[in-house]
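Index from 1, following the sequence. In this text, all values refer to a predicted model and were calculated from it rather than measured experimentally.
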Amino acid sequence: MIEKLFPLDKNYILRQAQFVMEEELLEQMVFELKRSYTFLYNPLQLMDETYAKILDTNQFPLERIRMIYRQLCGVYRYKHGDNQLELLFDGRSHFDMFKEQWEKSFIRYVQELGQHEQYVKTMLRMTILFDTESRAEWSENHCKAFINQYFDLKVVKRHGELRLKIG
């Protein structure tokens with residue numbers, strides 16, 4: 001049985017807030033990606049075949065971009081890793097506060113990343129310009145590596161969750 005040690009730990013509440021906002025922020029991520037492409041590659045907004053496809057495409061496999069979203073969630077939790085809940089005097093819950101803070105930080109993250117060609121190209125290959133699963137997988141791996149490098153992180157994977165023995 002897996003049991004949380006501290007159910008009201010900040011990171012559990014923050015993770016819930018990030019999960020609840022996932023679909024909304026995935027749409028925002030694609031919107032910012034289109035803006036970044038326009039800024040970097042087509043600032044005059046001249047309509048060609050590729051630009052039209054980027055603007056018009058709204059249907060593509062979401063699993064790859066979802067992995068990037070979750071990686072950015074982890075980056076945020078790592079960068080804001082203290083687990084102490086602060087006292088709130090404005091009537092909001094910690095959950096609502098974390099949702100608001102996460103949304104602002106997430107948009108800032110994707111806007112900053114969107115200034116880099118490598119991020120924009122790999123994100124486009126696995127979303128809007130998706131053509132094959134192998135290219136999307138390659139792009140996802142390169143995008144993850146770029147994000148880790150950008151935030152100066154080294155990720156060590158562990159298999160599964162730690163299990164607690166309960167008496």
Side-chain angles (χ1 to χ4, degrees), residues 10-83 94-159:
K10 171 189 172 187
N11 286 311
Y12 294 127
I13 300 169
L14 177 56
R15 186 177 283 191
Q16 289 172 347
Q18 290 173 329
F19 178 76
V20 165
M21 298 194 67
E22 186 169 314
E23 295 304 318
E24 175 187 336
L25 291 179
L26 286 177
E27 289 179 25
Q28 185 69 33
M29 192 176 200
V30 173
F31 173 78
E32 292 295 338
L33 178 61
K34 291 178 180 184
R35 280 185 38 176
S36 296
Y37 175 83
T38 302
F39 177 76
L40 287 174
Y41 298 106
N42 195 358
L44 298 177
Q45 298 181 5
L46 302 173
M47 196 58 66
D48 63 357
E49 184 180 325
T50 303
Y51 189 57
K53 182 176 182 178
I54 289 171
L55 291 180
D56 296 339
T57 302
N58 293 316
Q59 298 295 322
F60 49 84
L62 285 176
E63 288 314 306
R64 303 261 177 227
I65 194 172
R66 192 177 307 278
M67 292 302 295
I68 301 302
Y69 173 83
R70 290 180 181 164
Q71 182 177 6
L72 290 173
C73 288
V75 167
Y76 181 80
R77 286 193 307 272
Y78 176 75
K79 295 250 182 220
H80 300 87
D82 59 332
N83 62 356
H94 285 95
F95 181 76
D96 292 335
M97 181 189 71
F98 290 149
K99 278 176 46 178
E100 182 182 313
Q101 289 176 347
W102 164 237
E103 182 176 19
K104 287 178 185 174
S105 295
F106 177 78
I107 291 170
R108 190 179 72 247
Y109 284 174
V110 294
Q111 287 174 344
E112 288 174 8
L113 289 167
Q115 296 174 11
H116 300 275
E117 290 184 8
Q118 184 177 356
Y119 170 82
V120 173
K121 286 180 180 179
T122 56
M123 287 294 288
L124 284 172
R125 281 190 196 115
M126 65 181 160
T127 58
I128 297 169
L129 301 178
F130 176 85
D131 55 358
T132 64
E133 190 62 35
S134 61
R135 279 188 74 182
E137 184 176 348
W138 181 89
S139 296
E140 178 187 337
N141 291 333
H142 279 269
C143 191
K144 287 178 182 177
F146 176 77
I147 290 171
N148 288 341
Q149 178 185 2
Y150 180 81
F151 287 105
D152 196 29
L153 298 174
K154 182 176 181 181
V155 177
V156 178
K157 292 185 179 182
R158 290 190 180 156
H159 299 287

Legend entry - Main-chain N/O of Thr38 paired with Gln45 side-chain donor or acceptor, under 3.5 Å: no

Inset, instruction - Taking the side chain as every heavy atom from C-beta outward, state whether Val30 and Phe60 have any pair of such atoms under 4.5 Å apart. - result: yes

Inset, instruction - Assess the pair Tyr109 and Phe151: is the distance between their ring centroids shorter than 6.0 Å? - result: yes

Legend entry - CZ-CG distance between Arg35 and Leu40, expressed to the nearest 0.5 angstrom: 12.0 Å

Inset, instruction - May I ask you to decide whether Glu112 forms a salt bridge with Arg108, counting only side-chain N to carboxylate O separations under 4.0 Å? - result: yes

Legend entry - Chi angles and distances behind the salt bridge (charged side-chain N to carboxylate O under 4.0 Å, His left out) call for Arg66, Glu23: CA-CA 9 Å; Arg66 192 177 307 278; Glu23 295 304 318; 2.7 Å; yes

Inset, instruction - Find the distance between NE2 (His94) and CD (Gln16) and round it off to the nearest 0.5 Å. - result: 13.0 Å

Inset, instruction - Answer with yes or no after comparing the ring centroid distance for His142 and Phe146 against a 6.0 Å cut-off, counting only values under it. - result: no

Inset, instruction - Using a cut-off of 6.0 Å, state whether more than 12 heavy atoms not belonging to Gln111 lie near its atom CD. - result: yes

Inset, instruction - Can you measure from NZ (Lys121) to CD (Gln118) and round to the nearest 0.5 angstrom? - result: 9.0 Å

Inset, instruction - Give the intermediate values and the outcome of salt bridge (charged side-chain N to carboxylate O under 4.0 Å, His left out) for residues Lys144 and Glu140. - result: CA-CA 6 Å; Lys144 287 178 182 177; Glu140 178 187 337; 2.9 Å; yes

Inset, instruction - Might you point out which heavy atoms bring Ile128 and Ile54 nearest each other, and give the distance in Å? - result: CG2-CA, 3.6 Å

Inset, instruction - Using only heavy-atom distances, determine whether the side chains of Gln18 and Arg70 contain a donor-acceptor pair under 3.5 Å. - result: no

Legend entry - Phe39, CZ atom: more than 12 neighbouring heavy atoms under 6.0 Å: no

Inset, instruction - Please tell me if the side chains of Arg64 and Ser139 come closer than 4.5 Å, counting only heavy atoms from C-beta onward. - result: no

Legend entry - Aromatic contact, Phe106 with Tyr69 (centres under 6.0 Å): yes

Legend entry - Sub-4.5 Å side-chain heavy-atom contact between Val110 and Leu33: no

Inset, instruction - Taking the side chain as every heavy atom from C-beta outward, state whether Phe130 and Leu124 have any pair of such atoms under 4.5 Å apart. - result: no

Inset, instruction - Ignoring hydrogens and angles, tell me if any N or O in the side chain of Ser105 forms a donor-acceptor pair with the backbone of Trp102 under 3.5 Å. - result: no

Inset, instruction - Using a cut-off of 6.0 Å, state whether more than 12 heavy atoms not belonging to Tyr41 lie near its atom OH. - result: yes

Inset, instruction - Flag the pair Gln115 / Val120 as yes when at least one side-chain heavy-atom distance between them is below 4.5 Å, and no otherwise. - result: no

Legend entry - Basic-acidic side-chain contact under 4.0 Å: Glu49, Lys53: no

